[in-house]
There are 2 protein chains.
Amino acid sequence: MHDDSAPTQAYPVSARNRVRRMHERARYDHAAVHAILDAAMICHIGYVIDGQPCCTPTTHWRQGTRLYWHGSSASRMLRAQAAGLPVCVTVTHLDGLVLARSGFNHSANYRSAMCFGTARLIEDPVEKRTALHAMIERFYPGRDARLRPVSAQDLKATSVVGMQIEEASAKVRAKGNVDEPEDLQVPVWAGVLPVSMVVGDAQPCPHNGEHADRAGMAAYPPGTRLDEALARAAQDWQDGDRR
Amino acid sequence: MHDDSAPTQAYPVSARNRVRRMHERARYDHAAVHAILDAAMICHIGYVIDGQPCCTPTTHWRQGTRLYWHGSSASRMLRAQAAGLPVCVTVTHLDGLVLARSGFNHSANYRSAMCFGTARLIEDPVEKRTALHAMIERFYPGRDARLRPVSAQDLKATSVVGMQIEEASAKVRAKGNVDEPEDLQVPVWAGVLPVSMVVGDAQPCPHNGEHADRAGMAAYPPGTRLDEALARAAQDWQDGDRR
(Lines give C-alpha, C1' and ligand atoms only; values in the text may rest on other atoms or scores of the structure.)
Protein backbone atom coordinates (compact mmCIF):
# COMPACT_ATOMS: atom_id res chain seq x y z
CA MET A 1 0.00 0.00 0.00
CA HIS A 2 1.22 3.45 -0.79
CA ASP A 3 1.35 5.40 2.43
CA ASP A 4 1.10 9.09 1.80
CA SER A 5 1.93 10.07 5.37
CA ALA A 6 5.16 11.74 4.25
CA PRO A 7 6.00 14.41 6.84
CA THR A 8 6.25 17.06 4.15
CA GLN A 9 2.61 16.60 3.21
CA ALA A 10 -0.06 18.45 5.12
CA TYR A 11 -3.80 18.98 5.10
CA PRO A 12 -4.96 22.39 3.88
CA VAL A 13 -5.93 24.85 6.60
CA SER A 14 -9.24 26.69 6.36
CA ALA A 15 -11.70 28.35 8.71
CA ARG A 16 -13.12 24.86 9.31
CA ASN A 17 -10.06 23.11 10.68
CA ARG A 18 -7.81 25.96 11.83
CA VAL A 19 -7.08 25.50 15.53
CA ARG A 20 -7.87 28.75 17.28
CA ARG A 21 -7.32 28.01 20.96
CA MET A 22 -3.85 26.91 22.03
CA HIS A 23 -2.80 27.01 18.39
CA GLU A 24 0.78 26.27 19.44
CA ARG A 25 -0.49 22.75 20.14
CA ALA A 26 -1.72 22.34 16.54
CA ARG A 27 -0.31 20.32 13.65
CA TYR A 28 -1.70 19.83 10.17
CA ASP A 29 0.84 17.49 8.59
CA HIS A 30 -0.22 14.02 7.50
CA ALA A 31 2.31 12.31 9.76
CA ALA A 32 0.97 13.96 12.93
CA VAL A 33 -2.70 13.44 12.07
CA HIS A 34 -2.26 9.86 10.83
CA ALA A 35 -0.20 8.80 13.87
CA ILE A 36 -3.09 9.80 16.15
CA LEU A 37 -5.68 8.04 13.97
CA ASP A 38 -3.62 4.85 13.66
CA ALA A 39 -3.01 4.58 17.41
CA ALA A 40 -6.75 4.22 18.08
CA MET A 41 -9.45 1.66 17.39
CA ILE A 42 -12.38 3.94 18.26
CA CYS A 43 -13.30 7.32 16.81
CA HIS A 44 -16.30 9.55 17.40
CA ILE A 45 -18.25 10.72 14.36
CA GLY A 46 -20.13 14.01 14.45
CA TYR A 47 -22.96 14.29 11.91
CA VAL A 48 -26.51 15.58 11.62
CA ILE A 49 -29.76 13.62 11.20
CA ASP A 50 -32.98 15.63 10.76
CA GLY A 51 -31.27 18.71 12.19
CA GLN A 52 -30.12 16.87 15.32
CA PRO A 53 -26.35 16.66 15.89
CA CYS A 54 -25.22 13.15 16.77
CA CYS A 55 -21.91 11.87 18.06
CA THR A 56 -21.45 8.14 17.52
CA PRO A 57 -18.46 6.02 18.53
CA THR A 58 -17.29 3.40 16.07
CA THR A 59 -14.25 1.50 14.90
CA HIS A 60 -12.36 3.32 12.16
CA TRP A 61 -9.44 2.44 9.94
CA ARG A 62 -7.31 4.50 7.57
CA GLN A 63 -5.85 3.89 4.17
CA GLY A 64 -3.73 6.79 2.92
CA THR A 65 -5.86 9.90 3.34
CA ARG A 66 -9.13 7.96 3.47
CA LEU A 67 -10.99 6.90 6.60
CA TYR A 68 -13.39 3.97 6.78
CA TRP A 69 -15.95 2.69 9.22
CA HIS A 70 -18.67 0.10 8.98
CA GLY A 71 -21.75 -1.27 10.61
CA SER A 72 -25.05 -2.95 10.09
CA SER A 73 -26.78 -2.18 6.81
CA ALA A 74 -29.79 -1.24 8.95
CA SER A 75 -27.80 1.33 10.97
CA ARG A 76 -29.48 4.73 11.00
CA MET A 77 -26.10 6.45 10.97
CA LEU A 78 -24.87 4.52 7.94
CA ARG A 79 -28.11 4.97 6.04
CA ALA A 80 -27.94 8.72 6.70
CA GLN A 81 -24.34 8.78 5.47
CA ALA A 82 -25.04 6.66 2.39
CA ALA A 83 -25.72 9.44 -0.08
CA GLY A 84 -22.89 11.68 1.12
CA LEU A 85 -23.06 13.44 4.47
CA PRO A 86 -20.65 16.00 5.98
CA VAL A 87 -19.01 14.53 9.04
CA CYS A 88 -16.30 15.30 11.55
CA VAL A 89 -14.34 12.26 12.67
CA THR A 90 -12.41 12.76 15.90
CA VAL A 91 -9.92 10.52 17.67
CA THR A 92 -8.70 11.36 21.16
CA HIS A 93 -6.09 9.76 23.39
CA LEU A 94 -6.06 10.83 27.04
CA ASP A 95 -2.42 10.68 28.17
CA GLY A 96 -2.42 12.29 31.58
CA LEU A 97 -4.19 14.21 34.31
CA VAL A 98 -2.39 17.49 34.94
CA LEU A 99 -2.64 18.81 38.49
CA ALA A 100 -1.71 22.43 39.14
CA ARG A 101 -1.73 24.87 42.03
CA SER A 102 -4.86 26.69 40.86
CA GLY A 103 -8.07 25.21 39.51
CA PHE A 104 -7.56 27.29 36.41
CA ASN A 105 -4.29 25.58 35.49
CA HIS A 106 -5.52 22.02 35.88
CA SER A 107 -5.42 20.36 32.51
CA ALA A 108 -5.00 17.09 30.66
CA ASN A 109 -2.35 15.69 28.40
CA TYR A 110 -3.90 14.38 25.22
CA ARG A 111 -3.50 13.79 21.50
CA SER A 112 -6.50 14.42 19.30
CA ALA A 113 -7.19 14.57 15.58
CA MET A 114 -10.27 16.10 13.95
CA CYS A 115 -10.94 15.12 10.34
CA PHE A 116 -13.51 16.78 8.10
CA GLY A 117 -14.99 15.29 4.97
CA THR A 118 -18.03 13.74 3.36
CA ALA A 119 -18.97 10.19 4.30
CA ARG A 120 -20.27 7.99 1.48
CA LEU A 121 -21.43 4.41 1.28
CA ILE A 122 -19.01 2.13 -0.56
CA GLU A 123 -21.25 0.66 -3.24
CA ASP A 124 -18.66 -1.00 -5.45
CA PRO A 125 -18.46 -4.66 -4.34
CA VAL A 126 -14.72 -4.94 -4.99
CA GLU A 127 -13.95 -1.78 -3.05
CA LYS A 128 -16.21 -2.98 -0.25
CA ARG A 129 -14.48 -6.36 -0.01
CA THR A 130 -11.09 -4.64 -0.09
CA ALA A 131 -12.15 -2.31 2.72
CA LEU A 132 -13.43 -5.17 4.90
CA HIS A 133 -10.20 -7.07 4.28
CA ALA A 134 -8.26 -3.96 5.33
CA MET A 135 -10.34 -3.62 8.48
CA ILE A 136 -9.18 -7.03 9.72
CA GLU A 137 -5.62 -6.75 8.43
CA ARG A 138 -5.05 -3.27 9.80
CA PHE A 139 -5.77 -4.47 13.34
CA TYR A 140 -4.63 -8.08 12.98
CA PRO A 141 -2.05 -8.33 10.17
CA GLY A 142 -2.09 -11.75 8.49
CA ARG A 143 -5.35 -12.81 10.14
CA ASP A 144 -7.90 -12.43 7.37
CA ALA A 145 -6.58 -15.39 5.34
CA ARG A 146 -7.08 -17.66 8.40
CA LEU A 147 -10.74 -16.76 8.90
CA ARG A 148 -13.88 -18.26 7.48
CA PRO A 149 -14.18 -16.36 4.18
CA VAL A 150 -16.59 -13.45 3.84
CA SER A 151 -20.01 -14.71 2.77
CA ALA A 152 -22.62 -13.09 0.55
CA GLN A 153 -24.76 -12.79 3.67
CA ASP A 154 -21.95 -10.97 5.57
CA LEU A 155 -21.65 -8.52 2.68
CA LYS A 156 -25.37 -7.91 2.56
CA ALA A 157 -25.64 -7.33 6.30
CA THR A 158 -22.64 -4.97 6.43
CA SER A 159 -22.35 -1.42 5.16
CA VAL A 160 -18.98 0.26 4.75
CA VAL A 161 -18.60 4.01 4.64
CA GLY A 162 -15.55 5.82 3.33
CA MET A 163 -14.42 9.41 3.60
CA GLN A 164 -11.64 11.37 1.97
CA ILE A 165 -10.00 13.50 4.68
CA GLU A 166 -10.44 16.94 3.15
CA GLU A 167 -9.13 18.91 6.09
CA ALA A 168 -7.73 17.82 9.43
CA SER A 169 -5.94 19.08 12.48
CA ALA A 170 -4.01 17.40 15.25
CA LYS A 171 -3.77 18.91 18.72
CA VAL A 172 -1.37 17.64 21.35
CA ARG A 173 -0.60 18.59 24.95
CA ALA A 174 2.36 16.63 26.26
CA LYS A 175 4.05 18.42 29.15
CA GLY A 176 4.01 19.04 32.84
CA ASN A 177 1.85 21.43 34.84
CA VAL A 178 2.15 25.11 34.03
CA ASP A 179 1.54 27.41 37.00
CA GLU A 180 1.75 31.15 37.36
CA PRO A 181 5.12 32.05 38.95
CA GLU A 182 3.31 33.61 41.94
CA ASP A 183 1.48 30.30 42.57
CA LEU A 184 4.60 28.15 42.92
CA GLN A 185 4.70 28.53 46.70
CA VAL A 186 1.17 27.08 47.15
CA PRO A 187 1.98 23.92 49.16
CA VAL A 188 -0.06 21.46 47.10
CA TRP A 189 1.28 18.60 44.98
CA ALA A 190 1.45 19.51 41.29
CA GLY A 191 2.48 17.39 38.36
CA VAL A 192 1.14 14.78 35.98
CA LEU A 193 -0.61 11.46 36.56
CA PRO A 194 0.11 9.68 33.27
CA VAL A 195 -2.55 7.27 31.98
CA SER A 196 -2.48 4.77 29.14
CA MET A 197 -4.60 2.01 27.64
CA VAL A 198 -3.04 -1.35 28.38
CA VAL A 199 -3.77 -4.82 27.00
CA GLY A 200 -4.71 -7.42 29.65
CA ASP A 201 -4.51 -11.21 29.64
CA ALA A 202 -6.20 -12.80 26.64
CA GLN A 203 -9.53 -14.50 27.41
CA PRO A 204 -9.75 -17.48 25.04
CA CYS A 205 -12.99 -18.85 23.63
CA PRO A 206 -13.71 -22.27 25.20
CA HIS A 207 -14.04 -23.69 21.67
CA ASN A 208 -10.43 -22.87 20.75
CA GLY A 209 -8.45 -25.93 19.69
CA GLU A 210 -5.15 -26.68 21.40
CA HIS A 211 -3.15 -25.28 18.49
CA ALA A 212 -5.46 -22.45 17.50
CA ASP A 213 -3.69 -20.11 15.08
CA ARG A 214 -2.89 -16.78 16.77
CA ALA A 215 -2.64 -14.96 13.44
CA GLY A 216 -2.60 -11.18 13.77
CA MET A 217 -2.20 -11.12 17.54
CA ALA A 218 1.56 -10.52 17.69
CA ALA A 219 1.18 -6.81 18.45
CA TYR A 220 -0.96 -7.37 21.56
CA PRO A 221 0.90 -9.27 24.29
CA PRO A 222 -0.40 -8.61 27.84
CA GLY A 223 0.95 -5.38 29.32
CA THR A 224 1.40 -3.68 25.94
CA ARG A 225 0.19 -0.11 25.48
CA LEU A 226 -2.78 -0.34 23.13
CA ASP A 227 -1.92 2.85 21.24
CA GLU A 228 1.55 1.54 20.44
CA ALA A 229 0.20 -1.91 19.55
CA LEU A 230 -2.38 -0.46 17.17
CA ALA A 231 0.21 1.77 15.51
CA ARG A 232 2.58 -1.20 15.15
CA ALA A 233 -0.16 -3.40 13.67
CA ALA A 234 -1.00 -0.68 11.13
CA GLN A 235 2.67 -0.41 10.23
CA ASP A 236 3.07 -4.18 9.89
CA TRP A 237 0.04 -4.25 7.63
CA GLN A 238 1.47 -1.50 5.41
CA ASP A 239 4.88 -3.19 5.31
CA GLY A 240 3.24 -6.54 4.48
CA ASP A 241 1.19 -5.00 1.72
CA ARG A 242 4.29 -3.41 0.26
CA ARG A 243 6.22 -6.71 0.11
CA MET B 1 -25.44 16.68 46.78
CA HIS B 2 -28.62 14.95 45.85
CA ASP B 3 -27.77 12.19 43.44
CA ASP B 4 -30.72 11.28 41.31
CA SER B 5 -29.09 8.17 39.86
CA ALA B 6 -31.67 5.93 41.54
CA PRO B 7 -31.92 2.77 39.44
CA THR B 8 -35.67 3.17 39.16
CA GLN B 9 -35.30 6.48 37.34
CA ALA B 10 -34.77 6.49 33.61
CA TYR B 11 -34.41 8.93 30.73
CA PRO B 12 -37.40 9.12 28.39
CA VAL B 13 -37.06 7.21 25.13
CA SER B 14 -37.87 8.93 21.87
CA ALA B 15 -36.94 8.59 18.20
CA ARG B 16 -33.81 10.61 19.06
CA ASN B 17 -32.23 8.35 21.65
CA ARG B 18 -33.86 4.97 21.02
CA VAL B 19 -31.13 2.44 20.28
CA ARG B 20 -32.05 0.67 17.06
CA ARG B 21 -29.13 -1.62 16.39
CA MET B 22 -28.33 -4.30 18.98
CA HIS B 23 -31.09 -2.88 21.14
CA GLU B 24 -30.55 -5.72 23.63
CA ARG B 25 -27.35 -3.84 24.55
CA ALA B 26 -29.30 -0.68 25.42
CA ARG B 27 -30.14 0.86 28.80
CA TYR B 28 -31.92 4.10 29.58
CA ASP B 29 -31.87 4.19 33.37
CA HIS B 30 -29.98 6.94 35.16
CA ALA B 31 -27.73 4.50 36.99
CA ALA B 32 -26.43 2.89 33.78
CA VAL B 33 -25.95 6.18 31.91
CA HIS B 34 -24.38 8.02 34.87
CA ALA B 35 -21.96 5.18 35.65
CA ILE B 36 -20.53 5.44 32.13
CA LEU B 37 -20.29 9.24 32.30
CA ASP B 38 -18.67 9.24 35.75
CA ALA B 39 -16.02 6.69 34.79
CA ALA B 40 -14.58 9.04 32.15
CA MET B 41 -12.74 12.34 32.10
CA ILE B 42 -13.18 12.97 28.37
CA CYS B 43 -16.35 13.15 26.32
CA HIS B 44 -16.92 14.03 22.67
CA ILE B 45 -19.44 16.73 21.87
CA GLY B 46 -21.31 16.70 18.58
CA TYR B 47 -22.69 20.08 17.51
CA VAL B 48 -23.11 22.22 14.41
CA ILE B 49 -21.40 25.51 13.53
CA ASP B 50 -22.47 27.22 10.31
CA GLY B 51 -23.99 23.99 9.03
CA GLN B 52 -20.79 22.04 9.65
CA PRO B 53 -20.96 19.14 12.12
CA CYS B 54 -18.13 19.22 14.64
CA CYS B 55 -16.99 16.64 17.15
CA THR B 56 -14.85 18.11 19.91
CA PRO B 57 -13.25 16.26 22.82
CA THR B 58 -13.33 17.93 26.20
CA THR B 59 -13.42 17.27 29.93
CA HIS B 60 -16.95 16.85 31.27
CA TRP B 61 -18.43 16.48 34.71
CA ARG B 62 -21.91 15.59 35.93
CA GLN B 63 -24.12 16.84 38.71
CA GLY B 64 -27.43 14.97 38.95
CA THR B 65 -28.88 14.97 35.45
CA ARG B 66 -26.80 17.95 34.30
CA LEU B 67 -23.55 17.81 32.36
CA TYR B 68 -20.92 20.53 32.38
CA TRP B 69 -17.83 21.36 30.39
CA HIS B 70 -15.65 24.42 30.16
CA GLY B 71 -12.97 26.13 28.18
CA SER B 72 -11.52 29.41 27.13
CA SER B 73 -13.99 32.26 26.83
CA ALA B 74 -12.58 32.74 23.34
CA SER B 75 -13.37 29.14 22.32
CA ARG B 76 -15.39 28.96 19.12
CA MET B 77 -17.28 25.94 20.43
CA LEU B 78 -18.26 27.63 23.68
CA ARG B 79 -19.25 30.86 21.96
CA ALA B 80 -21.45 28.86 19.56
CA GLN B 81 -23.05 27.07 22.51
CA ALA B 82 -23.55 30.24 24.56
CA ALA B 83 -27.07 31.06 23.46
CA GLY B 84 -28.33 27.49 23.57
CA LEU B 85 -27.23 24.93 21.01
CA PRO B 86 -28.45 21.34 20.52
CA VAL B 87 -25.62 18.94 21.26
CA CYS B 88 -24.96 15.25 21.63
CA VAL B 89 -22.43 14.41 24.34
CA THR B 90 -20.95 10.94 24.04
CA VAL B 91 -18.65 9.02 26.37
CA THR B 92 -17.07 5.75 25.27
CA HIS B 93 -14.94 3.23 27.11
CA LEU B 94 -13.17 0.62 25.00
CA ASP B 95 -12.99 -2.55 27.12
CA GLY B 96 -11.78 -5.22 24.76
CA LEU B 97 -10.89 -6.38 21.27
CA VAL B 98 -13.11 -9.29 20.29
CA LEU B 99 -11.55 -11.76 17.87
CA ALA B 100 -13.81 -14.22 16.10
CA ARG B 101 -13.54 -16.91 13.43
CA SER B 102 -15.01 -14.73 10.66
CA GLY B 103 -14.27 -11.10 9.88
CA PHE B 104 -17.97 -10.42 10.27
CA ASN B 105 -18.05 -11.48 13.92
CA HIS B 106 -15.04 -9.46 15.04
CA SER B 107 -16.20 -6.86 17.49
CA ALA B 108 -15.26 -4.75 20.49
CA ASN B 109 -16.36 -4.71 24.09
CA TYR B 110 -17.33 -1.21 25.12
CA ARG B 111 -19.55 0.97 27.27
CA SER B 112 -20.93 4.13 25.72
CA ALA B 113 -23.44 6.78 26.69
CA MET B 114 -25.04 9.30 24.33
CA CYS B 115 -26.71 12.30 25.94
CA PHE B 116 -28.92 14.78 24.10
CA GLY B 117 -29.72 18.26 25.26
CA THR B 118 -29.19 21.96 24.76
CA ALA B 119 -25.87 23.46 25.84
CA ARG B 120 -26.03 26.91 27.42
CA LEU B 121 -23.45 29.26 28.85
CA ILE B 122 -23.58 29.56 32.64
CA GLU B 123 -23.96 33.30 33.08
CA ASP B 124 -24.83 33.47 36.76
CA PRO B 125 -21.55 34.11 38.64
CA VAL B 126 -22.53 31.99 41.65
CA GLU B 127 -23.56 29.03 39.49
CA LYS B 128 -20.33 29.42 37.51
CA ARG B 129 -18.14 29.39 40.62
CA THR B 130 -20.08 26.40 41.95
CA ALA B 131 -19.55 24.54 38.67
CA LEU B 132 -15.80 25.28 38.61
CA HIS B 133 -15.52 24.12 42.23
CA ALA B 134 -17.37 20.93 41.27
CA MET B 135 -15.02 20.38 38.32
CA ILE B 136 -12.01 20.15 40.66
CA GLU B 137 -13.79 18.33 43.49
CA ARG B 138 -15.39 15.76 41.22
CA PHE B 139 -11.97 14.61 39.98
CA TYR B 140 -9.92 15.45 43.08
CA PRO B 141 -12.20 15.42 46.16
CA GLY B 142 -10.94 17.79 48.87
CA ARG B 143 -8.43 19.50 46.60
CA ASP B 144 -10.12 22.80 45.75
CA ALA B 145 -9.69 24.25 49.25
CA ARG B 146 -5.90 23.66 48.99
CA LEU B 147 -5.49 25.57 45.74
CA ARG B 148 -4.80 29.21 45.05
CA PRO B 149 -8.36 30.63 45.06
CA VAL B 150 -10.15 31.37 41.80
CA SER B 151 -9.33 34.91 40.65
CA ALA B 152 -11.47 37.41 38.79
CA GLN B 153 -9.11 36.91 35.86
CA ASP B 154 -9.63 33.11 35.92
CA LEU B 155 -13.39 33.65 35.85
CA LYS B 156 -13.17 36.09 32.98
CA ALA B 157 -10.95 33.80 30.92
CA THR B 158 -13.10 30.71 31.51
CA SER B 159 -16.51 29.87 30.12
CA VAL B 160 -18.62 27.10 31.59
CA VAL B 161 -21.39 25.44 29.65
CA GLY B 162 -24.15 23.37 31.23
CA MET B 163 -26.70 21.01 29.75
CA GLN B 164 -29.72 19.26 31.16
CA ILE B 165 -29.67 15.67 29.89
CA GLU B 166 -33.04 15.53 28.15
CA GLU B 167 -32.63 12.08 26.67
CA ALA B 168 -29.85 9.55 26.91
CA SER B 169 -28.99 5.98 26.13
CA ALA B 170 -26.28 3.63 27.31
CA LYS B 171 -25.00 0.80 25.17
CA VAL B 172 -22.76 -1.93 26.49
CA ARG B 173 -21.11 -4.98 24.97
CA ALA B 174 -19.40 -7.07 27.64
CA LYS B 175 -18.99 -10.68 26.56
CA GLY B 176 -16.87 -13.11 24.63
CA ASN B 177 -16.76 -13.75 20.90
CA VAL B 178 -19.94 -14.94 19.25
CA ASP B 179 -19.40 -17.17 16.24
CA GLU B 180 -21.82 -19.03 14.00
CA PRO B 181 -22.00 -22.67 15.13
CA GLU B 182 -20.68 -23.80 11.73
CA ASP B 183 -17.57 -21.60 12.16
CA LEU B 184 -16.44 -23.13 15.47
CA GLN B 185 -14.13 -25.60 13.74
CA VAL B 186 -12.11 -22.85 11.98
CA PRO B 187 -8.69 -23.38 13.60
CA VAL B 188 -7.99 -19.76 14.52
CA TRP B 189 -7.71 -18.31 18.03
CA ALA B 190 -10.90 -16.56 19.13
CA GLY B 191 -11.63 -14.68 22.30
CA VAL B 192 -11.18 -11.31 23.91
CA LEU B 193 -8.13 -9.12 24.44
CA PRO B 194 -9.28 -6.96 27.35
CA VAL B 195 -7.98 -3.39 27.49
CA SER B 196 -8.19 -0.75 30.22
CA MET B 197 -6.88 2.71 31.02
CA VAL B 198 -4.32 2.49 33.80
CA VAL B 199 -2.71 5.19 35.93
CA GLY B 200 1.11 5.30 35.75
CA ASP B 201 3.72 6.65 38.15
CA ALA B 202 3.09 10.26 39.17
CA GLN B 203 5.45 12.79 37.57
CA PRO B 204 5.94 15.54 40.18
CA CYS B 205 6.56 19.19 39.36
CA PRO B 206 10.17 20.11 40.27
CA HIS B 207 8.78 23.00 42.33
CA ASN B 208 6.87 20.70 44.71
CA GLY B 209 7.89 21.14 48.33
CA GLU B 210 8.96 18.08 50.33
CA HIS B 211 5.60 17.89 52.08
CA ALA B 212 3.37 18.99 49.21
CA ASP B 213 -0.28 18.27 50.03
CA ARG B 214 -1.57 15.41 47.89
CA ALA B 215 -5.19 16.49 48.38
CA GLY B 216 -7.61 14.77 46.01
CA MET B 217 -5.12 12.22 44.67
CA ALA B 218 -6.16 9.28 46.84
CA ALA B 219 -8.18 7.62 44.04
CA TYR B 220 -5.22 7.48 41.63
CA PRO B 221 -2.37 5.30 42.92
CA PRO B 222 -0.14 3.84 40.17
CA GLY B 223 -1.63 0.74 38.57
CA THR B 224 -5.25 1.76 39.24
CA ARG B 225 -7.82 1.47 36.49
CA LEU B 226 -8.69 5.04 35.53
CA ASP B 227 -12.40 4.32 34.99
CA GLU B 228 -12.70 2.88 38.49
CA ALA B 229 -10.65 5.72 40.01
CA LEU B 230 -12.80 8.38 38.34
CA ALA B 231 -16.01 6.67 39.47
CA ARG B 232 -14.64 6.40 43.02
CA ALA B 233 -13.59 10.07 43.07
CA ALA B 234 -17.08 11.11 41.92
CA GLN B 235 -18.60 8.96 44.65
CA ASP B 236 -16.27 10.38 47.32
CA TRP B 237 -17.20 13.87 46.21
CA GLN B 238 -20.92 13.11 46.46
CA ASP B 239 -20.48 11.44 49.84
CA GLY B 240 -18.42 14.41 51.09
CA ASP B 241 -21.00 16.88 49.87
CA ARG B 242 -23.73 14.93 51.63
CA ARG B 243 -21.93 14.96 55.00
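Letters A, B, ... mirror the listed sequences (proteins, then strands); counts begin at 1.
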Item to check | Proximal component of Ala40(B), with respect to chain A [non-hydrogen, under 4.5 Å] | outcome: neither
Checklist entry - Going by residue number, which parts of residues 176-193 of chain A are within reach of chain B, meaning a heavy-atom gap below 4.5 Å? => result Asn177(A), Glu180(A), Asp183(A), Leu184(A), Val186(A), Pro187(A), Val188(A), Trp189(A), Ala190(A), Gly191(A), Val192(A), Leu193(A)
Next on the checklist: Heavy-atom cut-off 4.5 Å, strictly under: side chain, backbone, both or neither for Ser196(B) against chain A?
Outcome noted: both
Item to check | Contacts of residues 145-155 of chain B with chain A (heavy atom under 4.5 Å) | outcome: Arg146(B), Leu147(B), Arg148(B), Asp154(B)
Checklist outcome for this item: Max heavy-atom pairs within cutoff under 4.5 Å with chain B, candidates Ala108(A), Ala202(A), Ala157(A), goes to Ala202(A)
Checklist entry - So how far is it from Arg20(A) CZ to Arg79(B) CZ, rounded to the nearest 0.5 Å? => result 8.0 Å
Next on the checklist: Report which part of Asp201(B) has an atom under 4.5 Å of a heavy atom belonging to chain A: side chain, backbone, both, or neither.
Outcome noted: backbone
Next on the checklist: For Arg101(B) versus Cys205(A), what's the shortest heavy-atom pair and its separation?
Outcome noted: NH2-SG, 3.4 Å
Item to check | Residue part contacting chain B, namely of Met217(A), when any heavy atom lies under 4.5 Å | outcome: side chain
Checklist outcome for this item: Here the pair of heavy atoms bringing Gly103(B) nearest to Met135(A) is O-CE, 4.5 Å
Next on the checklist: What part of Arg143(B) gets within 4.5 angstrom of chain A, counting heavy atoms only: side chain, backbone, both, or neither?
Outcome noted: side chain
Checklist outcome for this item: Applying a strict 4.5 Å limit to non-hydrogen atoms, the region of Thr92(A) in contact with chain B is both
Checklist outcome for this item: Under 4.5 Å to a heavy atom of chain B? For Tyr110(A) that would be neither
Next on the checklist: Take a 6.0 Å sphere around CD of Glu24(B) and say whether it holds more than 12 heavy atoms from other residues, nucleotides or ligands.
Outcome noted: yes
Checklist outcome for this item: Pair count under 4.5 Å, heavy atoms only, with chain B: among Gly96(A), Ser112(A), Pro206(A), Ser75(A), highest is Ser75(A)
Item to check | Residue part contacting chain A, namely of Leu99(B), when any heavy atom lies under 4.5 Å | outcome: both
Item to check | Gap between atom SG of Cys88(A) and atom NE2 of His44(B) - 0.5 Å precision | outcome: 9.0 Å
Checklist entry - With ring centroids as reference points, do Tyr140(B) and His106(A) lie under 6.0 angstrom apart? => result yes
Next on the checklist: At under 4.5 Å between heavy atoms, what parts of residues 67-74 of chain B are in contact with chain A? List them by residue number.
Outcome noted: Ser72(B), Ala74(B)
Next on the checklist: Counting only non-hydrogen atoms closer than 4.5 Å, does Ala15(A) touch chain B with its backbone (N, CA, C, O), its side chain (CB onward), both, or neither?
Outcome noted: backbone
Next on the checklist: Between Met41(B) and chain A, with a heavy-atom cut-off of 4.5 Å, which part of the residue counts as in contact: side chain, backbone, both or neither?
Outcome noted: side chain
Checklist entry - Could you name the residues of residues 51-59 of chain A that have a heavy atom within less than 4.5 Å of a heavy atom in chain B? => result Gln52(A), Pro53(A), Cys54(A), Cys55(A), Thr56(A), Pro57(A)
Checklist outcome for this item: Heaviest contributor of heavy-atom pairs below 4.5 Å to chain B, chosen from Cys43(A), Pro222(A), Ala100(A), Gly216(A), is Ala100(A)
Checklist entry - Where do Val195(B) and Met197(A) come nearest, in terms of heavy atoms and distance? => result CG2-CE, 3.6 Å
Checklist entry - How many angstroms lie between atom CG of Leu97(A) and atom CZ of Phe139(B), to the nearest 0.5 angstrom? => result 8.0 Å
Checklist entry - How far does CD1 of Ile42(B) sit from CG of Leu94(A), to the nearest 0.5 angstrom? => result 5.0 Å
Item to check | Selection from Pro194(B), Ser102(B), Ala212(B) maximising heavy-atom pairs under 4.5 Å formed with chain A | outcome: Pro194(B)
